[in-house]
Amino acid sequence: QVHLVESGGGLVQPGGSLRLSCAASGSIIRINTMGWYRQAPGKQRELVATVARDGYQMYTDSVKGRFTISRDNAKNTVYLQMNSLKPEDTAVYYCNVNVGVVRRNDYWGQGTQVTVSS
């Protein structure tokens, strides 16, 4: 029904930048909140950032001031600009999109690896 494709992951040095993208396609009536999650080895998956349809953003404390989430409703795409990256940001990043009106469903991207290392 709804397919999410992520891109932009890779290997960067501490202090570097990376931009993640997630494009949604398929049977889309309305996209509500969009967000990014991440999961590091041996840790629980955690919410990184969310953005509402009107552009309102929320971030977890550890990324505030460094990451910026945004969306392009015309392209059904959500982005995550990551600056001043730290080794502790290393994780698999997953895109999440909530779709629907009365009945709402969450869809997940395949995940993209982000590695911050010297």
Side-chain angles (χ1 to χ4, degrees):
Q1 289 184 303
V2 178
H3 187 221
L4 306 182
V5 178
E6 301 180 25
S7 62
L11 174 65
V12 296
Q13 295 183 323
S17 298
L18 214 56
R19 190 190 191 215
L20 306 182
S21 298
C22 176
S25 62
S27 182
I28 301 173
I29 299 176
R30 184 183 73 180
I31 297 180
N32 304 305
T33 301
M34 308 177 82
W36 290 93
Y37 292 72
R38 68 185 181 186
Q39 186 167 22
K43 296 184 178 180
Q44 296 287 320
R45 183 180 299 182
E46 67 170 343
L47 178 65
V48 177
T50 63
V51 58
R53 286 183 58 83
D54 63 358
Y56 184 79
Q57 305 156 43
M58 296 184 70
Y59 302 91
T60 189
D61 288 341
S62 63
V63 308
K64 287 182 178 178
R66 300 188 298 120
F67 290 11
T68 302
I69 188 171
S70 62
R71 61 191 287 171
D72 186 333
N73 291 331
K75 296 181 178 180
N76 294 327
T77 301
V78 62
Y79 307 92
L80 185 67
Q81 178 66 48
M82 303 183 292
N83 299 325
S84 301
L85 283 163
K86 305 175 180 179
E88 45 265 49
D89 294 318
T90 296
V92 176
Y93 284 70
Y94 297 92
C95 171
N96 175 271
V97 177
N98 184 266
V99 179
V101 182
V102 176
R103 188 182 72 174
R104 298 184 176 187
N105 297 106
D106 285 304
Y107 294 89
W108 294 89
Q110 80 281 6
T112 184
Q113 178 70 48
V114 172
T115 302
V116 185
S117 177
S118 298

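Treat the numbers as computed from the prediction; the structure is a model and nothing was measured.
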Under the side-chain hydrogen bond (donor to acceptor under 3.5 Å, both in side chains) test, residues paired with Ser17 that sit two or more places apart | Asn83
For Gln113, check side-chain hydrogen bond (donor to acceptor under 3.5 Å, both in side chains) against everything at least two apart and list the hits.
-> Thr115
Which pairs with one or both residues in residues 23-118 pass disulfide (SG to SG under 2.5 Å), sequence neighbours excluded?
-> Cys22-Cys95
Not counting sequence neighbours, which residues clear side-chain hydrogen bond (donor to acceptor under 3.5 Å, both in side chains) with Asn105? List them please.
-> none
Mind checking what makes salt bridge (charged side-chain N to carboxylate O under 4.0 Å, His left out) contact with Arg30, not counting sequence neighbours?
-> none
What residues form a salt bridge (charged side-chain N to carboxylate O under 4.0 Å, His left out) with Arg38, not counting sequence neighbours?
-> Glu46, Asp89
The salt bridge (charged side-chain N to carboxylate O under 4.0 Å, His left out) partners of Asp54 (sequence neighbours excluded) come to none
For Lys75, what residues pass the salt bridge (charged side-chain N to carboxylate O under 4.0 Å, His left out) criterion, not counting sequence neighbours?
-> none
Residue list, side-chain hydrogen bond (donor to acceptor under 3.5 Å, both in side chains) with Tyr94, at least two apart or on another chain | none
Quick one: disulfide (SG to SG under 2.5 Å) pairs with a partner in residues 53-92, sequence neighbours left out?
-> none
Among Ile, Leu, Val, Met, Phe, Trp and Tyr joined by side-chain contacts under 4.5 Å, find the other residues sharing a cluster with Tyr56 and list them by chain and number.
-> Met58
Name each donor-acceptor pair under 3.5 Å that joins a side chain in residues 96-103 to protein atoms two or more places apart or in another chain, with its distance.
{"from": "Asn98", "atom 1": "OD1", "to": "Asn32", "atom 2": "ND2", "distance (Å)": "2.8"}
{"from": "Asn98", "atom 1": "ND2", "to": "Asp106", "atom 2": "OD1", "distance (Å)": "3.2"}

